Every structure is written in C-alpha cells, then in structure tokens.
Amino acid sequence: METIRARQALLPDGWRDAVEIDIGDDGLIAEVRSGCELPADTTACAVPAAANLHSHTFQRALAGLTERRGPDGQDPSGPGAG
C-alpha cells in the first residue's frame with residue numbers, strides 16, 4: 001500500500017489540511033484521513049485528476065460528411081486505388 005501525503009487536499013466535502021491518502025494494491029483509494037502529523041517534505045497540495053474520458057465518437061459522427069469523390073467521379077480510396 002502506498003500513502004500520499006499533502007498539506008492540503010481537495011476532498012468531496014471541501015478543502016482539508018494535513019491529509020493522508022492510502023492507495024491500495026489495486027490502485028484505488030483505500031482510505032483518506034485529515035488532520036494527520038506530516039513530515040516536512042510533504043506535497044503542498046493534492047487535487048483530484050480528471051477522468052480519462054478519451055473518445056473518438058466525434059470521428060464516427062463525421063464519417064462520410066467531409067469526404068467527396070474526385071472530379072472524375074471515382075473514389076480514390078475505392079477498389080484498385082493505390
């Protein structure tokens with residue numbers, strides 16, 4: 001288990017001082033405590049990171065909307081292209 005220590009941290013109920021955040025072996029937050037005694041070399045501030053919501057949905061929505069055939073009417077990416 002790993003512990004992250006911060007002089008201040010933004011928790012779901014607001015800012016807290018002297019925070020310890022225990023990270024379990026599964027990578028998830030196991031426990032959060034505030035008002036702890038911290039070493040001098042503690043991280044100044046901890047805030048939650050944005051979730052990775054990376055998506056290519058917009059590409060699917062645009063598929064076919066920006067493509068067009070060449071002036072000879074042939075699809076340059078069709079059969080025999082290359």
Side-chain angles (χ1 to χ4, degrees):
M1 183 172 302
E2 180 181 352
T3 300
I4 299 171
R5 293 173 177 87
R7 289 193 293 269
Q8 290 187 321
L10 180 58
L11 303 179
D13 59 341
W15 287 98
R16 296 290 173 254
D17 294 326
V19 175
E20 289 185 338
I21 305 166
D22 291 335
I23 309 297
D25 294 334
D26 58 1
L28 301 176
I29 295 173
E31 185 178 358
V32 178
R33 298 174 301 283
S34 61
C36 303
E37 294 234 2
L38 302 175
D41 63 342
T42 299
T43 300
C45 181
V47 294
N52 182 2
L53 301 176
H54 185 89
S55 173
H56 288 267
T57 302
F58 73 95
Q59 289 176 321
R60 288 194 177 106
L62 287 175
L65 297 178
T66 60
E67 301 167 358
R68 60 188 161 127
R69 294 188 187 275
D72 63 358
Q74 298 297 311
D75 181 358
S77 63

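As the structure is a prediction and not an experimental result, all values here were calculated from the model.
Grouping Ile, Leu, Val, Met, Phe, Trp and Tyr by side-chain contacts under 4.5 Å, direct or through others, puts Ile23 with Ile4, Leu11, Val19, Ile21, Ile29, Val32.
For Asp41, the side chain to side chain donor-acceptor pair (under 3.5 Å) criterion is met by no residue, not counting sequence neighbours. Partners of Arg33 according to the salt bridge (Lys or Arg N to Asp or Glu O under 4.0 Å) rule, which considers only residues two or more places apart in sequence or in another chain, are Glu20, Asp22, Glu31. Residues that satisfy the salt bridge (Lys or Arg N to Asp or Glu O under 4.0 Å) test with Asp13, not counting sequence neighbours, are Arg16. In this structure Val47 satisfies the side-chain contact (heavy atoms from CB on, under 4.5 Å) test together with Leu10, Trp15, Cys45, sequence neighbours excluded.
Here the side chains of Arg5 and Cys36 are not in contact, with every heavy-atom distance at 4.5 Å or above.
Across all non-hydrogen atoms, the minimal contact from Asp26 to Leu28 is OD1-N, 3.0 Å.
Without hydrogens or angle criteria, Arg7 side chain to Thr42 main chain gives a donor-acceptor distance under 3.5 Å.
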